[in-house]
Amino acid sequence: MTSKRWRLFAVVLVVFAMVAAACSSDDAADDTTTTTAGEAPAEVLKVAFVYIGPVSDKGWSWSHDQGAKALKAALGDAVEITTLENIPEGADSERVFNDLAEEGNKLIFGTSFGYMDPMLAAAESHPDTVFMHATGYKQSDNMGNYFGAAEEGRYLSGMAAGAATVTNKIGYVAAFPIPEVLRGINAFTLGVREVNPDAEVQVVWTSTWFDPPKEKTAAESLLDAGADVIAMHQDSAAPGQAAEAAGAKWVGYNTDMTEFAPTAWLTAAIWDWGPFYIKTAQQVIDGTWVTEAYYGNMADGMVALAPFGESVDGATRTLIGEREAEIIDGTFSVLPDPIVDQDGAERPLGNIFEMDYFVEGVVGSPTG
Amino acid sequence: MNDTQLILTMFAAVGLGTPLIFATVGEIITERAGILNLGVQGMMLIGAVTGFWGTFQTGNLVFGVVIAMVCGAALSAVHAFTSITLRVNQIVSGLALALFGSGLASFLGRAGSEPLVGHPSRAQFEPIFTGGIADIPIVGPLLFGHDPLVYLSWLVAGAASYYLFRTRMGLSLRAVGEDPASAEAAGVHVSKVRYVHVLIGGALAGLGGAYFSLALTPTWQDDPIGAAGWIAIALVILASWRPWRAVFAAYLFGAAERVQFTLQTLGEPWSDIPSTLLAMLPFILAIIAMIVLTSGKRARLLGAPSALGVPYFREQR
């Protein structure tokens with residue numbers, strides 16, 4: 001009898017452990033919730049952010065969280081911000097969006113492609129709430145979308161890579177063969193070849209957004225194949241650590257990752273969502289918000305170039321600075337139309353959101 | 001000579017295989033005692049975060065490794081208690097441990113006013129020998145090009161093998177895993193033996209986790225070890241519960257992990273293989289090896305402990 005009771009206790013313990021484990025990420029999310037209730041004025045806009053990954057990735061989700069912090073810093077007590085991390089796409093996210101709307105959030109940002117349909121459903125049942133979806137394309141009366149031209153920053157970081165390579169072989173650790181990633185690789189390669197027409201960009205696919213050991217191994221395979229600069233469309237800094245260990249150079253992504261590989265660091269295309277989040281929240285407060293598909297760029301500051309590493313020489317910095325100015329004032333387009341593809345044939349640029357080909361200079365397969 | 005793809009791949013396989021050796025040998029020791037601990041992923045993550053913390057606080061790598069082993073063992077003690085003392089279903093308890101460990105590791109990484117998360121490590125394990133001896137063709141990089149933990153992994157596998165098959169205590173351990181009632185009759189304290197070896201397994205899993213955060217990718221981020229803990233459980237079977245075979249199984253897996261990227265850089269016809277297919281390569285290899293190992297006469301050599309996963313009731317002898 002006693003042993004039976006013990007076993008029941010143990011089962012309860014185990015179930016508790018599982019629940020605790022499952023909840024731990026939510027707990028962490030609660031910790032980051034900023035609440036200004038109490039001293040807040042009567043009209044406070046409640047804003048919620050929903051992230052696919054942990055804000056600790058120092059990458060995509062982190063960059064959005066920096067934007068949320070900038071919003072709080074700019075509007076102070078006029079906004080009350082809730083952030084939720086590690087929210088899976090699909091039915092789970094729809095429940096989260098509905099909950100957030102029912103808790104009185106009047107502006108909800110979702111930052112992953114797969115939130116699109118769940119958000120649309122939640123938007124229909126909560127017409128008084130404004131929903132903003134990053135990277136998608138579906139809209140309704142109270143749901144808009146936003147994204148940015150990372151390819152502009154990619155092009156400039158490609159120029160730094162092209163100037164840095166000695167072997168004329170640049171390795172690119174890439175996650176998945178989707179238009180967003182292909183756009184980045186192509187713009188990067190065009191930037192490389194503007195300053196170094198002989199250089200090639202070798203792409204290796206990892207089939208993961210975030211897996212540090214895999215990303216590092218992929219970078220090492222490129223270094224061993226003769227690459228002396230590593231670029232990436234990944235969310236961890238592991239490719240940079242591989243470059244640092246091999247004495248090579250590194251172009252990051254998403255954020256300034258200098259501290260992970262100080263010698264290898266060249267620069268990166270990075271995100272600054274803050275101004276857009278501030279602008280959108282202000283529109284909702286003023287009642288001037290209307291549905292839109294916002295595509296930010298370097299001109300409005302949503303995309304920027306990270307600080308240069310020490311090894312980037314003055315001439316290259318000047319050259320990149322000139323191109324940056326042209327991109328910002330609209331006189332230079334990083335993806336030309338027509339464009340020369342991988343086989344050397346000229347073709348129309350086409351819809352960049354459906355890009356499915358590589359440009360000349362890229363080695364590897366655009367289908368993965 | 002040393003920069004041929006074959007040597008480079010073998011060298012990379014050693015680095016990628018090392019955490020798997022620690023975790024797999026640890027799980028072999030645990031399973032040899034008759035306890036199935038599926039919580040390897042959780043213990044490795046706890047080892048990774050606590051080892052990182054230890055080194056982050058002190059700048060001392062050895063301290064980090066010791067902390068990782070202690071914390072890995074502490075987490076495995078939960079499984080030891082539920083599966084040995086409370087005799088709950090070991091699969092449920094182990095899976096709970098895996099989930100709990102990964103959640104706890106993320107939590108610890110963000111705890112405090114200056115969270116660990118997103119920082120590079122203050123120190124990292126580096127190769128012992130550079131130049132000279134490490135430049136000898138073939139054997140230079142493969143034998144002398146590694147960091148200290150690689151050599152420790154060889155030592156651990158050798159010691160485990162000697163312990164299991166050449167010592168009296170090893171014999172008792174195997175007896176407990178095969179037939180606990182007979183072992184008990186022969187004067188072996190079954191629960192004690194099981195507790196001790198579950199803790200050893202936990203310590204080694206913690207060490208394997210620390211290899212990620214202090215050597216392979218010296219940083220702390222959420223879930224930085226891929227699926228290493230789950231792979232280690234599969235490697236136990238591939239290694240047929242023998243520590244030396246675990247070394248080769250781990251390196252085979254490491255090589256497959258690396259080859260999927262190397263093939264993409266070799267140009268045609270290799271680069272025509274879809275990368276998603278290549279990503280499956282390690283697992284395809286594991287399945288093939290398993291089929292070869294378990295077919296025909298070789299099956300009896302597998303050596304799964306007979307009492308694996310079966311709770312031991314003393315009064316039911």
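In what follows, every chain begins at residue 1, and chains take the letters A, B, ... in the order their sequences are listed. Values below: all heavy atoms of this structure, side chains included; hydrogens, waters and symmetry mates excluded.
- For B:Gln260, the part lying under 4.5 angstrom from a heavy atom of chain A is the side chain only.
- Proximity to chain B (any heavy atom under 4.5 Å) is shown, for A:Thr206, by both the backbone and the side chain.
- Between chain B and the options A:Thr367, A:Thr217, A:Leu222, the largest number of non-hydrogen pairs under 4.5 Å is found for A:Thr217.
- Proximity to chain B (any heavy atom under 4.5 Å) is restricted, for A:Ser207, to the side chain, taken from C-beta onward.
- Residues A:Glu259 and B:Gly118 come closest through the heavy atom pair OE2-O, 3.7 Å.
- Your options are A:Ala242, A:Ala227, A:Gly171, A:Ala218, and the one with the most heavy-atom pairs under 4.5 Å with chain B is A:Ala218.
- The shortest heavy-atom contact between B:Pro224 and A:Pro213 is O-CD, 3.2 Å.
- Of all the heavy atoms in B:Thr217 and A:Lys216, the pair that sits closest is CG2-CD, 3.9 Å.
- A:Val204 has its side chain within reach of B:Thr265: a pair of non-hydrogen atoms, C-beta onward, lies under 4.5 Å apart.
- The distance from atom CD of B:Gln221 to atom CZ of A:Phe260, rounded to the nearest 0.5 Å, is 5.5 Å.
- Heavy atoms closer than 4.5 Å to chain A are found nowhere in B:Leu263, neither backbone nor side chain.
- For residues 172-179 of chain A, heavy-atom neighbours of chain B at less than 4.5 Å comprise no residues at all.
- Annotation: side chain of B:Pro218 is in contact with side chain of A:Gln241 (closest heavy-atom distance under 4.5 Å).
- Rounding to the nearest 0.5 Å places CD1 of B:Ile273 at 11.5 Å from OG of A:Ser365.
- Heavy-atom distances place the side chain of A:Asp211, and not its backbone, under 4.5 Å from chain B.
- Here the CD-CD distance, from A:Glu244 to B:Gln124, works out to 9.0 Å after rounding to the nearest 0.5 Å.
- Interface remark: B:Gln5 contributes side-chain atoms only to the contact with chain A (heavy atom separation under 4.5 Å).
- Side-chain contact between B:Thr276 and A:Trp205 is absent, with no heavy-atom pair separated by less than 4.5 Å.
- Contact of A:Val363 with chain B is not made at all, since no heavy-atom distance falls under 4.5 Å.
- When heavy atoms are compared at a cutoff of 4.5 Å, A:Glu220 approaches chain B by way of both its backbone and its side chain.
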